Amino acid sequence: MGKTKLNAVTAELVKVDPDKHPLFVKLWNESGMTRINQDNFEAFRQTPGLALACLVDDPVMFKETFDMVVIGPELVRMFDGTLSAAGFSDPREGRAIASSLGIHRLPAVAVFRFGELMGAVEGLKTWAEYEKELVKILMSPVMPKKTISIASA
């Protein structure tokens, strides 16, 4: 995972292994959310329809990651079966994935439609704020990518 301000002994004592931690194991085995990493992110993102991704960071340094483990599946339920895909980043790779999308504050909830990032809710929010921000993202039109054609005269 990312950089740590802890000394080596303390870092080893408080290390969280997402492969073994009961919250993460339950998340990936029971919630129906795909475990997103850099190897499968592009395929996840290109899912036809509407996709939601929770992006998180090292749970030792950013305790909000554990909050997202609980909030993420609830956000998926809020969509009442209308999502084509729902994912939760491996905390070891969430920061890199978020950076590739221009998302700077984690945890974040990113919404995609047919591969295009519609928007993201950055930082931990109240339930009302998640509802408000997600509705705002879903109601805004996805702007087509601008291209510039250069031709010789």
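Worth saying up front: this structure is predicted, and the values here are computed from it rather than measured.
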Practice task
Compare every heavy atom of Ala53 with every heavy atom of Phe44, then report the nearest pair and how far apart it is.
Solution key: CE2-CB, 3.7 Å
Exercise for the section: Decide yes or no on salt bridge (charged side-chain N to carboxylate O under 4.0 Å, His left out) for Arg77 and Glu74, but give the supporting numbers first. Expected result: CA-CA 5 Å; Arg77 279 192 271 290; Glu74 292 300 319; 2.5 Å; yes
Handout entry: Same apolar cluster: Val111 and Trp127, side chain cutoff 4.5 Å
Key = yes
Problem - Exam field: side chain Arg35 to backbone Asn29, donor-acceptor pair closer than 3.5 Å - result: no
Practice task
Check whether any side-chain N or O of Arg45 sits under 3.5 Å from a backbone N or O of Gly115 as a donor-acceptor pair, and report yes or no.
Solution key: yes
Practice task
Say whether, by atom type as modelled, one donor and one acceptor occur between the side chain of Ser31 and the main chain of Pro73 under 3.5 angstrom.
Solution key: no
Exercise for the section: For Ser84 and Pro48, indicate whether the former's side chain and the latter's backbone hold a donor-acceptor pair under 3.5 Å. Expected result: yes
Practice task
State, to 0.1 Å, how close Pro59 and Pro91 come at their nearest heavy-atom pair, and which atoms those are.
Solution key: CD-CB, 3.9 Å
Handout entry: Residue pair Phe88 / Thr34, side-chain heavy-atom distance below 4.5 Å
Key = no
Problem - Any Met33 side-chain heavy atom under 4.5 Å of Leu27 side chain - result: yes
Exercise for the section: Write down the atom of Thr82, the atom of Leu50, and the distance for their closest heavy-atom approach. Expected result: O-CB, 4.2 Å
Exercise for the section: Given side-chain contact (heavy atoms from CB on, under 4.5 Å), test Ile36 with Ile97 step by step and report yes or no. Expected result: CA-CA 9 Å; Ile36 302 171; Ile97 293 169; 3.8 Å; yes
Handout entry: Pairwise side-chain contact, Ile71 with Leu124, heavy-atom cut-off 4.5 Å (strictly under)
Key = yes
Completion exercise
All heavy atoms of Leu23 vs all of Val69, minimum pair found to be O-CG1, 3.7 Å
Handout entry: Parallel, tilted or perpendicular: ring planes of Phe41 versus Phe112, cut at 30 and 60 degrees
Key = perpendicular
Exercise for the section: Verify, without hydrogens or angle tests, whether Glu133 (side chain) and Tyr130 (backbone) share a donor-acceptor contact under 3.5 angstrom. Expected result: no
Practice task
Name all residues meeting the side chain to side chain donor-acceptor pair (under 3.5 Å) criterion together with Asp67; count only those two or more places apart in sequence or in a different chain, and write none if there are none.
Solution key: none
Handout entry: Option passing side chain to side chain contact (heavy atoms under 4.5 Å, CB included) with Met78 (candidates Leu52, Leu134, Leu83)
Key = Leu134
Practice task
Measure the SG-CG distance between Cys54 and Leu106 for me, rounded to the nearest 0.5 Å.
Solution key: 11.0 Å
Exercise for the section: Determine whether Met68 and Val109 make a side-chain contact, defined as any pair of heavy atoms from C-beta on separated by less than 4.5 Å. Expected result: yes
Completion exercise
Here the pair of heavy atoms bringing Val121 nearest to Lys125 is CG1-CG, 3.7 Å
Exercise for the section: Supply the atom-to-atom distance Arg95 CZ to Glu93 CD, rounded to the nearest 0.5 angstrom. Expected result: 14.0 Å
Handout entry: Members besides Val25 in its Ile/Leu/Val/Met/Phe/Trp/Tyr cluster (side-chain heavy atoms under 4.5 Å)
Key = none
Exercise for the section: Would you mind reporting whether Leu55 and Leu101 have side-chain heavy atoms less than 4.5 Å apart? Expected result: yes
Exercise for the section: Report yes or no: does Asn37 contribute a side-chain atom to a donor-acceptor pair with the main-chain N or O of Asn40 at less than 3.5 Å? Expected result: yes
Handout entry: Asp57 and Arg92 ion-paired at < 4.0 Å
Key = no
Handout entry: For Ser140 against Met118, the heavy-atom pair lying closest together
Key = O-CE, 4.2 Å
Problem - Ala108 backbone acceptor or donor facing Glu122 side chain under 3.5 Å - result: no
